[in-house]
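Some notes on the structure that comes next.
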Amino acid sequence: EPEVTQTPSHQVTQMGQEVILRCVPISNHLYFYWYRQILGQKVEFLVSFYNNEISEKSEIFDDQFSVERPDGSNFTLKIRSTKLEDSAMYFCASKTGLAADTQYFGPGTRLTVL
Amino acid sequence: DQQVKQNSPSLSVQEGRISILNCDYTNSMFDYFLWYKKYPAEGPTFLISISSIKDKNEDGRFTVFLNKSAKHLSLHIVPSQPGDSAVYFCAASKRGAQKLVFGQGTRLTINP
């Protein structure tokens, strides 16, 4: 069964450093998402991406964040200058099309900012 | 932002019995609801969903009930099995919107 994959599984970085989290969505999916879950809190929406542009973003997704689909398979989340409060699990998700409602999630990347 | 709430942080059920997980929402614009299951160190796994035009959807041991007037949905698992022990998240979305809004999750433990 096709699945969303994410790399790395765990990323440790120093505050102020840039990180790039990588995702490979399911191959025939057209809509891509990033969510995060800070320890002990809810899963929160960050951004959605379709047709090579952001279609919706939350207030968390400020200028320090960016997303890109550099080729036909990868979808990346970049945090330009990490802060301690960026420490969280970051989940990538994808779905087939606008009419589809079910998003399928990857296993997550645990980001630890020291 | 408390648009989706799961008021029980944990639930313990005996193997073979029914597990009932509850979820409430406040935004009447939500028209699609999903349940995800999550094991530690893994991503949320889709379980079952329901559209607001229905009040029940069944898939094997899992049934989701939607009460629109009460803005309440529930997930029934019967019979409960040890492998069902996980955190269960309720999520909601509006047609045309992209994001899912999640509840806090309920940790279900199935006891042998």
Side-chain angles (χ1 to χ4, degrees), chain A residues 1-10 21 23-26 29-51 53-61 67 89-110, chain B residues 1-10 23-27 29-54 57 59 62 64 66 73 75 86-107:
Chain A
E1 187 175 321
E3 56 184 24
V4 177
T5 59
Q6 291 185 243
T7 54
S9 57
H10 191 189
L21 310 183
C23 168
V24 178
I26 296 172
H29 286 192
L30 301 176
Y31 287 79
F32 315 114
Y33 306 84
W34 284 101
Y35 291 80
R36 79 173 184 190
Q37 185 181 28
I38 295 170
L39 188 64
Q41 297 187 23
K42 289 186 179 187
V43 176
E44 303 173 287
F45 168 79
L46 292 178
V47 67
S48 61
F49 190 84
Y50 168 71
N51 199 25
E53 58 183 36
I54 290 173
S55 48
E56 189 175 347
K57 61 182 181 179
S58 72
E59 59 190 25
I60 302 167
F61 195 88
V67 288
M89 283 290 292
Y90 287 80
F91 296 107
C92 174
S94 68
K95 72 174 185 178
T96 53
L98 185 61
D101 295 287
T102 301
Q103 296 178 22
Y104 294 89
F105 285 76
T109 293
R110 177 171 299 284
Chain B
D1 183 356
Q2 292 286 313
Q3 294 188 76
V4 179
K5 283 189 276 192
Q6 294 174 257
N7 290 318
S8 299
S10 63
C23 177
D24 296 294
Y25 62 96
T26 56
N27 190 335
M29 298 296 288
F30 288 143
D31 52 15
Y32 196 76
F33 305 89
L34 308 91
W35 284 95
Y36 287 87
K37 173 181 177 179
K38 187 180 180 303
Y39 293 118
E42 293 185 13
T45 301
F46 170 71
L47 262 182
I48 192 168
S49 61
I50 188 166
S51 161
S52 59
I53 62 172
K54 294 186 174 182
N57 188 27
D59 183 2
F62 303 93
V64 55
L66 176 63
L73 62 154
L75 174 68
V87 178
Y88 288 77
F89 290 98
C90 167
S93 71
K94 295 182 279 189
R95 277 284 154 87
Q98 293 297 314
K99 68 180 183 182
L100 293 178
V101 180
F102 282 83
Q104 305 93 316
T106 296
R107 181 176 302 279

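Any value given below was found using the heavy atoms of this structure, including those in side chains, with hydrogens, waters and symmetry copies removed. Just so it is clear: chains get the letters A, B, ... in the order the sequence lines come, proteins before strands, and each one is counted from 1. Being a predicted model, the structure only gives us computed values, none of them experimental.
- Distance NZ/A:Lys42 to CD/B:Gln3: 8.0 Å, rounded to 0.5 Å.
- For A:Gln37, the part sitting under 4.5 Å from any heavy atom of chain B is the side chain, from C-beta outward, and nothing else.
- Neither the backbone nor the side chain of B:Ala91 comes within contact range of chain A; no heavy atom of the residue lies under 4.5 Å from a heavy atom of that chain.
- Annotation: the span from B:Lys99 atom NZ to A:Ser58 atom OG amounts to 7.0 Å, rounded to 0.5 Å.
- Residue with the most contacts toward chain A among B:Gly103, B:Gly43, B:Ser49, B:Gly105: B:Gly43 (heavy-atom pairs, distance under 4.5 Å).
- For B:Tyr36, the part sitting under 4.5 Å from any heavy atom of chain A is the side chain, from C-beta outward, and nothing else.
- At a 4.5 Å heavy-atom cutoff, the contact between B:Leu100 and chain A is made by backbone and side-chain atoms alike.
- Of the two parts of A:Tyr35, only the side chain, counted from C-beta on, holds a non-hydrogen atom closer than 4.5 Å to a non-hydrogen atom of chain B.
- Atom CZ of A:Phe91 and atom CD of B:Glu42 lie 10.0 Å apart (nearest 0.5 Å).
- Heavy-atom minimum distance, B:Phe102 versus A:Val43: CB-O, 3.6 Å.
- Summarising the geometry, atom OG belonging to B:Ser93 is positioned 7.0 Å from atom NZ belonging to A:Lys95; distances are rounded to the nearest 0.5 Å.
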